[in-house]
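Okay, so here's the structure we're looking at.
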Amino acid sequence: METIVTRFAPSPTGYLHVGGARTALFNWLYSRHMNGKFVLRIEDTDRVRSTRESVDAIFDALKWLEIDWDEGPFFQSERQEIYLKYVNQLIDTGNAYYCTCTPEQIDLMRKKAMETGDKPKYDGTCREKGLGKSDNAVVRFKAPVSGTTLVEDVIKGNIVFQNSEQDDFVICRSNGTPTYNFVVVVDDMTMGINTIIRGDDHVMNTPKQILLYQALGSKLPVFGHVPMVLGGDRARLSKRHGATSVTAYRDMGFLPDAFINYLVRLGWSFGDQEFFTRDELIEKFTLENIGKSAGIFDQTKLTALNADHIKAAAPDTISCHLIPFLKKEGITTQPGDYLNGAIQTLVTRSKTLQEMSDGIGFYFSDDIEFDEKAAKKFLKPGALGPISMLEAKLSALSEPFEEKELEAVFKSVMDDTGLKLGKIAQPVRVALTGTSVSPGIFEIIQVMGKTKVTKRLAAAVDYINERASVE
RNA sequence: GGUCCCAUCGUCUAGGGGUUAGGACAUCGGCCUCUCACGCCGGUAACGGGGGUUCAAAUCCCCCUGGGAUCACCA
């Protein structure tokens, strides 16, 4: 069987957006699933709008998504000679011709056509003139005027286009640079791309490209057009819908595996399964299961899926993605047991890495600041007894703490004071974390260790005394 | 406007002639509980409308409606 070769061909006129990431993902997954090849091509023929920063931003986003490629990146801007060679081939074979009609004339043509209710298209003035190359001439493709062109779309099914709808579109500008529909075909053809999965917005280009493949005498690739990703108002996802940049999701604290899981699942399904690891995606992804209708990007569901991936991920994986967030908070820590332990206590209460980072600070600060409300409510003279008892009992315990031992210690404090666990745990929680919301008290103590815990309990005792004397 | 595509809970979707139309997110109850979560149990909630075909239509066909895409010497 022929090796499947897919590609992702973004134009570097901005960051990688969500929709682009999804087509990249579909192509990448399919090539991986089929044991094929995936090539990256940068479509930077628009010199004015293409920037180096955009290229870097795209690489950056692909790197985060962990999408790698087997060939490329190729830059169209470096392939001009190749395109020109094929332009000449089409002229030589009579499939293209020079046209000297000016843009003004073309405009006039369109206007006239609009008035009479006809299609605004090139009227073929130069089609049979047999003009030679000249300074202001463009090259037009000599499209068939009758018959039909069939697009056999693996996702949408067969789509028939009337050739009479098509006009002699420009394949090479008067300045000598080839146009999009032409370079895409030449690239895909010469790069051996045999499976083209791309956004819905390219459907109308496909018959043009098929005609070009035929004129060039090349075999057709398989086409598949995936539906668009829409915003909450059902319009195509754009800046006004909030974050559309892939890296924005990285910065909000989503795990790449969760993000790709969500993106793939938006428009593709595998029975009732919602959660997929990257390997499962590669194993199960097929073109047949891609849906036909557009989907609305739902950050709430992405967040829920992210929470699931956080629960399923290895602490080391989380830690490596979490460290940049900690850095932002001024927490510098090394990967290792302490960090992993802290992470594990927060895994079930963090939907994003940002949330985790927000809740993990107390493990690393030397002096904790008490949340005012929490301190006022729980660090009262009545808590003095249990806190100091606990401090004493924990000091006597040897490390590492076992959960059972800790339970026993608390139980004995409960017995001695006659207080319920809740009455003891809350003051202790505030003493250890500064707030009234945190992971379970036993797990915190286990992770923090004796030195830190007893120090904080002592500090809380001082705080209470100090406060009492002020009042 | 022309051309093209699409249409199952609010959202993502399963289901493709006979189903109590299933799951997930969200939402609403309840349980669990040292706070917050997690988890568990349960509820509300969908086949856009109209015609056919058929014993039988969410499912096949047509029309309508609605949404989207595209109509460059941009990609």
Side-chain angles (χ1 to χ4, degrees), chain A residues 9-13 43-46 48-50 76 99 101-103 106-107 110 114 117-121 136-140 151 153 155-157 159-162 165-167 169-181 183-184 199-207 225 227-228 230 232-236 262 265-275 289 291-305 307-308 311 345-351 355 359 374 378 410 420-430 433 435-442 444:
Chain A
S11 58
T13 53
E43 309 214 322
D44 58 348
T45 52
D46 186 342
V48 186
R49 294 196 303 151
S50 298
Q76 289 186 327
C99 165
C101 296
T102 62
I106 306 285
D107 273 352
R110 288 216 177 81
M114 293 282 227
D118 286 334
K119 282 201 70 71
K121 55 185 216 182
N136 289 316
V138 299
V139 179
R140 285 184 185 277
V151 177
D153 193 299
I155 295 167
K156 293 182 176 292
I159 308 172
V160 179
F161 291 87
Q162 295 298 323
E165 293 288 332
Q166 222 68 243
D167 75 345
F169 55 93
V170 173
I171 61 173
C172 190
R173 302 181 184 90
S174 52
N175 68 4
T177 59
T179 59
Y180 171 75
N181 281 116
V183 296
V184 171
D200 227 352
D201 48 341
H202 285 286
V203 175
M204 295 312 226
N205 288 326
T206 311
H225 291 93
M228 303 272 87
L230 310 177
D233 56 0
R234 302 203 146 270
R236 187 175 172 172
Y262 176 72
R265 190 61 187 63
L266 177 60
W268 172 86
S269 60
F270 191 79
D272 279 343
Q273 189 172 345
E274 300 280 351
F275 182 96
N289 292 327
K292 290 182 178 189
S293 49
I296 294 172
F297 188 85
D298 179 8
Q299 194 170 325
T300 308
K301 184 149 184 177
L302 164 63
T303 305
L305 208 44
D308 289 341
K311 280 176 210 126
T345 67
L346 284 154
V347 146
T348 57
R349 27 209 132 217
S350 312
K351 292 187 190 304
E355 277 183 30
F378 297 111
F410 272 76
K420 285 191 175 170
L421 181 55
K423 291 287 179 197
I424 302 170
Q426 278 309 84
V428 172
R429 187 184 314 283
V430 178
T433 71
T435 71
S436 57
V437 175
S438 83
I441 205 74
F442 301 132
I444 292 176

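Please read these numbers as outputs of a predicted model, since none were measured by experiment.
Here A:Arg234 does not reach the OP1 or OP2 of B:A69: none of its side-chain N or O atoms lies under 4.0 Å away. A close approach under 4.0 Å does not occur between any side-chain nitrogen or oxygen of A:Lys301 and OP1 or OP2 of B:U13.
Taking atom CZ on A:Phe410 and atom C1' on B:U33, their separation rounds to 15 Å, with Å as the unit. We find that CD of A:Gln426 is positioned 4 Å from C1' of B:U35, with the value rounded to whole Å. The distance between atom CZ of A:Arg429 and atom C1' of B:U35, rounded to the nearest whole Å, is 4 Å.
Taking every side-chain heavy atom of A:Asn205 into account, B:A75 is the closest of B:A75, B:U35, B:C73. Which of B:C73, B:A7, B:C12 sits closest to the side chain of A:Thr179 comes down to B:C73. The nucleotide whose nearest atom lies closest to any side-chain atom of A:Val437 is, among B:U35, B:C73, B:C25, B:U35.
With rounding to the nearest 0.5 angstrom, the CD atom of A:Glu274 is 4.0 Å from the CZ atom of A:Arg265. From A:Leu266, atom CG reaches atom CG of A:Leu230 across 8.5 Å, with rounding to the nearest 0.5 Å.
Under the Watson-Crick and G-U wobble criteria, each requiring two contacts below 3.5 Å, nucleotide B:U11 is paired to B:A24. Across all strands shown, nothing is found opposite B:U19 as a Watson-Crick or G-U wobble partner with both distances under 3.5 Å. Under the Watson-Crick and G-U wobble criteria, each requiring two contacts below 3.5 Å, nucleotide B:G39 is paired to B:C31.
Listed for the A:Thr435 side chain is a donor-acceptor partner under 3.5 Å among the backbone atoms of A:Val437.
A:Glu43 comes within 4.0 angstrom of the backbone, heavy atoms only, and of no base.
Interface remark: the A:Lys156 side chain does not form any donor-acceptor pair with the B:C5 base, using a distance-only criterion of under 3.5 Å.
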